[in-house]
Amino acid sequence: MKKLINDPRSVVDESVEGFGLVHADLVTVSADPTFITRKDAPVEGKVGLVSGGGSGHEPLHAGFVGMGMLDAAVPGAVFTSPTPDQILPATLAVNSGAGVVHIVKNYTGDVLNFETAGELAQAEGVEVRTVLVNDDVAVEDSLYTAGRRGVGGTVLVEKIAGAAAERGDGLDAVAAIGDRVNGNVRTMGVALSACTVPHAGTPSFDLEDNEIEIGIGIHGEPGRHRIQMENANGITDRLLEPVLGDLGIASGDKVLLFVNGMGGTPLSELYIVYRRAAQVIADRGATVERSLVGNYITALEMQGCSISVLRLDDELTQLWDAPVHTAALRWGV
Amino acid sequence: MKKLINDPRSVVDESVEGFGLVHADLVTVSADPTFITRKDAPVEGKVGLVSGGGSGHEPLHAGFVGMGMLDAAVPGAVFTSPTPDQILPATLAVNSGAGVVHIVKNYTGDVLNFETAGELAQAEGVEVRTVLVNDDVAVEDSLYTAGRRGVGGTVLVEKIAGAAAERGDGLDAVAAIGDRVNGNVRTMGVALSACTVPHAGTPSFDLEDNEIEIGIGIHGEPGRHRIQMENANGITDRLLEPVLGDLGIASGDKVLLFVNGMGGTPLSELYIVYRRAAQVIADRGATVERSLVGNYITALEMQGCSISVLRLDDELTQLWDAPVHTAALRWGV
Amino acid sequence: MMLDVKWAVKWLTMCAQAMAEHRVELIELDRAIGDSDHGENMDRGFQAVLDKLAEAPPETPGAALKLTAMTLMSKVGGAAGPLYGTAFLRASTFLGDAAEVDPAALAGALLAARDGIVARGKAESGDKTMVDAWTPAAEAAQAVAAGGSGNVLAVLVAAAEAAEAGAVATDPLVARKGRASYLGERSAGHRDPGAASSALILRAAAGAAA
Amino acid sequence: MMLDVKWAVKWLTMCAQAMAEHRVELIELDRAIGDSDHGENMDRGFQAVLDKLAEAPPETPGAALKLTAMTLMSKVGGAAGPLYGTAFLRASTFLGDAAEVDPAALAGALLAARDGIVARGKAESGDKTMVDAWTPAAEAAQAVAAGGSGNVLAVLVAAAEAAEAGAVATDPLVARKGRASYLGERSAGHRDPGAASSALILRAAAGAAA
Ligand SMILES: Nc1ncnc2c1ncn2[C@@H]1O[C@H](COP(=O)(O)OP(=O)(O)O)[C@@H](O)[C@H]1O
Ligand SMILES: Nc1ncnc2c1ncn2[C@@H]1O[C@H](COP(=O)(O)OP(=O)(O)O)[C@@H](O)[C@H]1O
Ligand SMILES: [Mg+2]
Ligand SMILES: [Mg+2]
Ligand SMILES: [Mg+2]
Ligand SMILES: [Mg+2]
């Protein structure tokens, strides 16, 4: 394992410290317990948005803290959800009295830890709502699993719910917008290579030179099935089909198309995937109204990508377009 | 080799096509010959800025086309400089009459091809100036080499010269600003792994599990020397020392610190490197006034990073802060 | 023989040793069907428990377990943190502030721990989780305690053996809860890391009483 | 014997074949001390030359070389594109619109090509570049032509052999121009890819005359 780190056990602390130095105009970093808040938190009268999860998915979540998106991010150890004693103070720090929405990716650990923190916050008089993100269509049989995972759609939920909070929506309204985004977004991913968790030191799975994993999540876990390597168009079709099918995308639909890199794939390849995905969507008679291409929710240095499609309506489009000023997403300001 | 591509020979065309689809609000993509221009080019009365080079360094250069930065980008084949028959029409397309500055990274191929294109453009009545970027301190003995390479500093030259052009500076003034940035920036890089050029199919060099290459460029070429793997702080010190030394950074200096990922290294690790670099600079009594951390000039999926330091003065800082609206860098708008 | 706070502290110390020793093994198990963090998390958590025990030595077994619960909850994260946190908290509550623990109380505490895990994680037996170690362990403890031999060591040895057998028995199962469930059929053929760490914890409990 | 446009077209065709055949080998040479693109670029360039030759068949050797120059310049890119472009352009200019090429003109054209590469790239002999193939080749051609045997084939064979020897002789050199120069001492022990492709081009010239 070769990584630009000093010690597997200090990876998150040192990285967050560096992040805080670079983005001192945007965020405040709290150490021990570790969490990141928007510089001007709590924002008077605004609903607070808190998300978090294991580290290793950067820029998610800290990179999305700032005006128009998250008020706080709570990073756990690599691929390990944070603990209530981090989530609780983050929640308290961003509560202006208007309540706080927790955006939680659907993993057992994240759900349990946020649940506990939410109860503790409620006990301290803070109203908390939870938006559970579970957009991964790779998890087919959610009856016999822990349910669909939260993956690429998380970025879109955070942006759009963040814009709703910024325009002054109330607690239930912000949560409802978050749920609406989650209900209209689906994602599927592929890995061309595994990633190596620093403390583990060996790749999270072994792939032959001609194999890829279809339906991976964002934790270096193996996917639903392993297939022979295919070209970019073939892989794109495989990922997009279940996404469009599950959403029931039909002629006349307007969508946001999000091609996300898993961390180790060059940007140029993401554009090749985007190109094909846009063609397929156009062939269905739907329109790509908005796009996002880049490394936004990653799995360390994993090679691969995920494709997310969000069905848009006018309000969601407007909220997507609203100004945002974070380390990783910025426009209109 | 596993890549999200369809055919090594169509990589650049398809990727640029996808880029054009995603960023249709910002750029126009011309195919055959391939080049990318700012949507509103030529901008009346403004000096045009053209850069280009081999592909595989994305987002450089196409990702920097837009308001406040480049007017055109000319991508060659992967790691191969573009040809005069691409550079010439790009130059003509962005000339509003105020002349055009070519920003050229110092490689034999880039220099020769831009030189030819520049002569051809002059012959067609377009005034052309060239800013040669050669910021790589890894190339020690420039007397016995093709000279220092243009690496990370290129991004800073393009941003700052772009801002000068945008504020209305004349042809010679824009070129002079570009030269000033180049004269005040130094860079050095490290590779933890090689990259694989699509048409080659095998990694550009072979590294043992415990080896790294110090002083690499951005073309997957081996570096100045190979050493045993070290921790992030040790590597940062090794890269930063010659950069600061060559620039003569001393107490009281103000700098921009740019930690650039080579494509396959997680963002979180870049922040760990940044953290150390900021400490070292502070220990020298200098101040980090501005920062940039991310994958901006890459070598496909290479793992590693480069550290650039630019000595700032008030004007350069102002130009850095000026609004920019491109696919990869955006602020103030 | 009764168990006192010394046993509790020795148990937790042996847990920390076991997690450090089996850290890589638990990471490897989690690597196969999860996300490679279980051994690291458990090791970090129990090292923190050691620190806390040294800082503020508890006075009763219940207090030791409560301190453990709070520490695991705040240091482990992931699924295991809240689950083990709840388990130790429920066991602690069951024991109250008694200075000594007899076989019946011991078996009751283990059952309370198991029930806490089930309440929190909603897993059933056979879902390939730590429940598959805790349920047979709690049942074996009950059986021995009900036998009335009065031997806490025998209760703990029975629990440890049952947990170990339960962990081994997760090998062929298809996971239906937790991260491994995403693998579907591909999760069969691997031991559940949480069941494995549970067996280590219960073996340490017996070891501390020996 | 004199060389005509048929020879020129055959030469360029054999160049294209040689580049396709040795594509991987040239990539490998460039991989060792450069950026792995030389074989790909030369192959792409000479395939484009073939297309152009088919589109608009040239009438003289000079015209064939000019078309080659323009095509390489616009299709190869990198360092090799402008350098070979200049070489073919200078050779073409030297030959003018003569229909036939005698040994003296041939040697003169090769020298003009060499001089073009030097003028463009500013490399000296021993810098481990394609100049190390072209300089001995041009000199050998001159020597044979000056001998007055009147044999174009002999001129070309001498040039090809000298270029091949020159390419081999780059192996121990430390590069001082082009991308390999960044490697410093580490560039020694590898053949210069541009010298190797130059040898292929000159061997094709001889082959076309045989
Ligand atoms: N719903 C659940 N109920 C009981 N145990 C569970 C549940 N979900 C997960 N587990 C246990 O947690 C273990 C994984 O712990 P860990 O790796 O620390 O957390 P994470 O899955 O968040 O990375 C599994 O091996 C399993 O034993
Ligand atoms: N200044 C120069 N003069 C002569 N030949 C050169 C010079 N620089 C490079 N070359 C030749 O070009 C070859 C490399 O060509 P190529 O790989 O196509 O270009 P690039 O280096 O731009 O990738 C070298 O092997 C060398 O023979
Ligand atoms: Mg985990
Ligand atoms: Mg090249
Ligand atoms: Mg785990
Ligand atoms: Mg090359």
Side-chain angles (χ1 to χ4, degrees), chain A residues 1-7 11-12 14-19 21-23 55-56 58-59 63 190 192-193 195 207 209-212 229 231-233 235-236 259 263-276 278 288 291-293 295 298 300-301 303-305 328 330-333, chain B residues 1-7 11-12 14-19 21-23 55-56 58-59 63 190 192-193 195 207 209-212 229 231-233 235-236 259 263-276 278 288 291-293 295 298 300-301 303-305 328 330-333:
Chain A
M1 174 187 67
K2 280 186 285 187
K3 289 176 179 290
L4 290 169
I5 64 175
N6 292 307
D7 177 343
V11 161
V12 174
E14 291 182 9
S15 179
V16 168
E17 187 185 332
F19 179 85
L21 292 172
V22 175
H23 302 292
S55 290
E58 290 70 24
V190 62
L192 275 56
S193 71
C195 55
L207 269 182
D209 270 0
N210 58 347
E211 290 175 340
I212 59 178
M229 181 65 194
N231 70 15
N233 288 354
I235 293 171
T236 302
V259 176
T265 281
L267 200 50
S268 50
E269 298 179 20
L270 301 182
Y271 283 114
I272 292 174
V273 170
Y274 179 93
R275 171 182 170 275
R276 173 63 165 205
V288 176
S291 310
L292 187 66
V293 176
N295 292 285
T298 60
L300 296 169
E301 69 286 326
Q303 289 184 305
C305 72
R330 179 172 180 179
W331 55 73
V333 58
Chain B
M1 173 186 67
K2 281 186 284 188
K3 289 177 179 288
L4 290 169
I5 64 176
N6 292 307
D7 176 342
V11 161
V12 175
E14 291 183 9
S15 179
V16 168
E17 187 186 333
F19 179 85
L21 292 172
V22 175
H23 302 291
S55 291
E58 290 69 24
V190 62
L192 276 55
S193 71
C195 56
L207 268 182
D209 270 0
N210 58 347
E211 290 175 341
I212 59 179
M229 181 65 194
N231 70 16
N233 288 353
I235 292 171
T236 303
V259 176
T265 281
L267 200 51
S268 50
E269 297 179 22
L270 302 181
Y271 283 114
I272 292 175
V273 170
Y274 179 92
R275 172 181 169 274
R276 173 64 165 203
V288 177
S291 310
L292 187 66
V293 176
N295 292 283
T298 61
L300 296 170
E301 69 286 326
Q303 289 184 306
C305 73
R330 179 173 179 177
W331 54 74
V333 59

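Since the model is a prediction, treat every value here as computed from it, not as a measurement. Order of the sequence lines sets the chain letters (A, B, ...), proteins ahead of strands, with each chain counted from 1.
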At a 4.5 Å cut-off on heavy atoms, which part of [X] comes close to chain A: side chain, backbone, both, or neither?
X	result
B:Ile5	both
B:Asp209	backbone
B:Glu301	both
B:Val22	both
B:Phe19	both
B:Ser268	both

Quiz item: Would you call B:Leu267 and A:Asn295 a side-chain contact if the rule is heavy atoms closer than 4.5 Å?
Solution: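 No. Closest side-chain heavy atoms not under 4.5 Å.
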Looking at every heavy atom in both [X] and [Y], which two are closest together, and how far apart are they?
X	Y	value
A:Pro266	B:Leu300	CG-C, 3.7 Å
A:Arg275	B:Glu14	CD-O, 3.3 Å
B:Ala278	A:Leu21	CB-CD1, 4.3 Å

Quiz item: In Å and rounded to the nearest 0.5 Å, what is the CG to CG distance from A:Asp7 to B:Asn231?
Solution: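 A:Asp7 CG to B:Asn231 CG: 9.0 Å, rounded to 0.5 Å.
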Quiz item: Looking at B:Ala328, B:Ser55, B:Gly332, B:Ser291, which one has more heavy-atom pairs under 4.5 Å with chain A than the rest?
Solution: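 Greatest number of close heavy-atom pairs with chain A: B:Gly332.
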Quiz item: Can you say whether A:Val11 sits under 4.5 Å from chain B via the side chain, the backbone, both, or neither, judging by heavy atoms?
Solution: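 The answer is both parts of A:Val11.
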Quiz item: Contact part of A:Leu192 toward chain B, heavy-atom cut-off under 4.5 Å: side chain, backbone, both or neither?
Solution: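 Both backbone and side chain.
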Quiz item: Of all of A:Arg276, A:Met1, A:Glu211, which one pairs up most often with chain B through heavy atoms under 4.5 Å apart?
Solution: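 Of the options given, most contacts go to A:Glu211.
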Quiz item: Could you walk me through whether B:Leu207 and A:Lys2 pass the side-chain contact (heavy atoms from CB on, under 4.5 Å) check?
Solution: CA-CA 11 Å; B:Leu207 268 182; A:Lys2 280 186 285 187; 3.8 Å; yes
Quiz item: Has the side chain of A:Asn233 got a donor or acceptor atom that lies under 3.5 Å from a matching backbone atom of B:Asn6?
Solution: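 Side chain of A:Asn233 to backbone of B:Asn6, a donor-acceptor pair under 3.5 Å: no, none is there.
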